[in-house]
There are 2 protein chains.
Amino acid sequence: MTKHQNNKEQVILAAAKEEFLDKGYDGARTTSIARNAGVTHAMLHYYFKTKEQLFERIFHETMGMLVEGILEVFTQTEKPFKQRMAEALDIHFEAIRQNPRLPLFMIREVASRPERFAVIKNIISTFAGNVLFTMQKDIDQAVSIGEISPIDATTLLLDMISLNVFPFIVKPVYEAATGLNLNDDSNFWDLRKKENIELIMRRLTPSQA
Amino acid sequence: MTKHQNNKEQVILAAAKEEFLDKGYDGARTTSIARNAGVTHAMLHYYFKTKEQLFERIFHETMGMLVEGILEVFTQTEKPFKQRMAEALDIHFEAIRQNPRLPLFMIREVASRPERFAVIKNIISTFAGNVLFTMQKDIDQAVSIGEISPIDATTLLLDMISLNVFPFIVKPVYEAATGLNLNDDSNFWDLRKKENIELIMRRLTPSQA
DNA sequence: TCGTTTGTTAACAAAATTGTTAATAAATTT
DNA sequence: AAATTTATTAACAATTTTGTTAACAAACGA
């Protein structure tokens, strides 16, 4: 009736993303994806030869978003170091808040099939190298003028990521245990962000001599 | 030749634990478990009717360890609050260090099949209720004598757990990205524990007025 | 408009995976 | 030692899941 729209490809991609994010590669079913997309499962093989290839597509897009998000965070201006870290935490936290299932997805897939990660390995490592290098430089400078107390860049980065990411990772457990739905509780997440910033600020503030 | 040992059941359990911890329920294969245990896969069904039942067994033991571990942490004596939290962090961290794959295992399984969690839901929630209640009491007391700055018990608990648990959860990603093996790097983990304690201590210390 | 490419379907095939059964051996009980 | 219970194996069955194919329809380019 209407003209051919190849939007079925997009519909499949959307359904696949849902399925993979929810259940992981091993738990995902191509038939289930097709059903949720409203197409026969042959279509899925027509557009994306195999389950593996469909997954690769999702995985890469997903990882792309994640890396971009983090990159943005650390291309900051020339404000005081502490303020920049506070802003970085804020941006990073909000980025995850908009894609809360992404971190667990990535971690789960890497844990059960580390080889798959090899593809993007060098992207990540050079990226991390750069970020850590400039970060350490900025830290040393801020330390030298007495703005903050000394800390390794890697240590600080892991502090920040742990605090920002873990609550989203543990969310399913929390929700399962309490029966509450944290998605509806914007107050909880606002407070959490505030607390993370508070923690890092206190960590950076020089101890009174 | 030798007499019947029903240790095959144990061998299967051990192999199953490995498999489930590594690959999760969906990724685990009963044939693979049997192979690694050195038995025919019919044995697996003989001892544990189904894959599901075998998993339940592992899941419960695992959860048991996790809950016990956390319980121990918070049955502390009558030292100053800050010192008790430092010790709790230490004990908690070491407990995870000895079972580093356990947190990701639990989170992954709950995320992909929340129903499964229902069984232990009330255990967790009453337990959490108790811990949080006494913790909040202790906090209020410590605040009243000026030992620490005010904080919600739930907030503090999530701070502590985030910092202690996340590094172990992200370990596979870190290792995949760097090619390094963090298990061999006891120095890394010692420093991490120290940093977590440092962070929480600074968070608790009253700000200079 | 005719031929070609692209999209779509239903039915089928292959493989993997879980679970069962019947026969047998080994241990245990009496 | 005979009877009985428990353990073990190999072969098989059922189901699920991924992937294929052949036939058909719709769009498109010449």
Side-chain angles (χ1 to χ4, degrees), chain A residues 1-62 105 108-109 111-113 115-116, chain B residues 1-62 105 108-109 111-113 115-116:
Chain A
M1 17 192 72
T2 58
K3 70 168 178 179
H4 256 184
Q5 332 93 305
N6 87 328
N7 60 359
K8 292 217 171 169
E9 187 174 354
Q10 297 306 314
V11 175
I12 293 172
L13 273 174
K17 189 173 180 179
E18 268 309 298
E19 180 95 358
F20 283 130
L21 267 125
D22 250 40
K23 312 191 187 162
Y25 181 85
D26 291 325
R29 295 289 168 256
T30 54
T31 49
S32 165
I33 292 171
R35 189 173 354 101
N36 287 122
V39 304
T40 73
H41 87 278
M43 288 308 293
L44 195 143
H45 291 289
Y46 175 70
Y47 283 112
F48 316 91
K49 216 56 187 159
T50 66
K51 177 184 180 184
E52 184 70 29
Q53 278 183 48
L54 179 54
F55 176 83
E56 289 296 320
R57 178 86 172 259
I58 303 287
F59 188 65
H60 275 78
E61 281 175 14
T62 291
F105 170 69
R108 157 161 64 182
E109 298 307 326
S112 56
R113 275 207 183 74
E115 332 79 68
R116 188 175 284 154
Chain B
M1 18 192 72
T2 58
K3 70 167 178 180
H4 256 184
Q5 332 94 306
N6 87 329
N7 60 359
K8 294 218 172 171
E9 186 173 355
Q10 297 306 314
V11 176
I12 293 172
L13 273 174
K17 189 173 180 181
E18 268 308 299
E19 180 96 358
F20 283 130
L21 260 94
D22 249 40
K23 311 191 186 163
Y25 181 85
D26 291 324
R29 296 288 168 256
T30 55
T31 49
S32 166
I33 292 171
R35 188 172 356 103
N36 287 122
V39 304
T40 72
H41 87 279
M43 288 308 293
L44 195 141
H45 293 289
Y46 175 69
Y47 283 113
F48 316 91
K49 216 55 188 158
T50 65
K51 176 184 179 182
E52 183 70 31
Q53 278 182 47
L54 178 54
F55 177 83
E56 289 296 319
R57 179 86 173 261
I58 303 287
F59 188 66
H60 276 78
E61 281 175 14
T62 291
F105 170 69
R108 157 161 65 183
E109 297 309 328
S112 57
R113 275 210 183 72
E115 331 80 68
R116 187 175 285 156

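All chains are named by letter (A, B, ...) in the order of the sequence lines, taking the proteins before the strands, and each is independently numbered beginning at 1.
The NE2-C1' distance, from B:H41 to C:dT20, rounds to 9 Å in whole Å. Straight-line distance from the CG atom of B:L44 to the C1' atom of D:dA7: 14 Å, rounded to whole Å. As a whole-Å value, the separation of B:Q53 CD from C:dT18 P is 15 Å. Atoms CD (B:E19) and C1' (C:dT17) sit 13 Å apart, rounded to a whole Å. The distance from atom CZ of B:F48 to atom P of D:dT8 is 12 Å, rounded to the nearest whole Å. Atoms NE2 (B:H45) and C1' (D:dA13) sit 13 Å apart, rounded to a whole Å. Whole-Å rounding puts the B:R35 CZ to D:dT9 P distance at 16 Å. As a whole-Å value, the separation of A:E52 CD from D:dT17 C1' is 15 Å.
Between A:Y46 and D:dG19 there is no side-chain polar atom (N or O) within less than 4.0 angstrom of OP1 or OP2. Residue A:K8 places at least one side-chain N or O under 4.0 Å from the OP1 or OP2 atom of C:dT8. Phosphate proximity of D:dT8 to B:Y47: present, with a side-chain N or O under 4.0 Å from OP1 or OP2. The shortest distance between the side-chain N/O atoms of B:T40 and the OP1/OP2 oxygens of D:dT9 is below 4.0 Å.
Minimum atom distance to the side chain of B:M43 is reached by D:dA7, of the listed D:dG19, C:dT20, D:dA7. Comparing D:dT9, D:dA7, D:dT17 against the side chain of A:R29 picks out D:dT17 as the nearest. Nearest to the side-chain atoms of A:A42 among the listed nucleotides C:dT20, C:dT8, D:dT21 stands D:dT21. Picking from C:dT18, C:dT20, D:dT8 the nucleotide with the shortest atom distance to the side chain of B:K49 gives C:dT20. Residue A:K51 places its side chain closer to D:dT18 than to any other of D:dT18, C:dG19, D:dA7.
Among all heavy-atom pairs drawn from A:A15 and A:I33, the shortest one is CB-O, 3.6 Å. Here the shortest heavy-atom pairing between A:H41 and A:T30 reads CB-O, 4.5 Å.
To the nearest 0.5 Å, atom OG1 of residue B:T40 and atom CZ of residue B:R35 are 13.0 Å apart.
Using cut-offs of 30° and 60° on the angle between ring planes, the pair A:Y25 and A:F20 is parallel.
Across all strands shown, B:T30 has heavy atoms under 4.0 Å from sugar-phosphate atoms exclusively, and none from any base. Within 4.0 Å (heavy atoms only), A:A34 reaches no atom of the nucleic acid at all.
The backbone N or O of B:R29 lies less than 3.5 Å from a partner atom in the side chain of B:E19, making a donor-acceptor pair.
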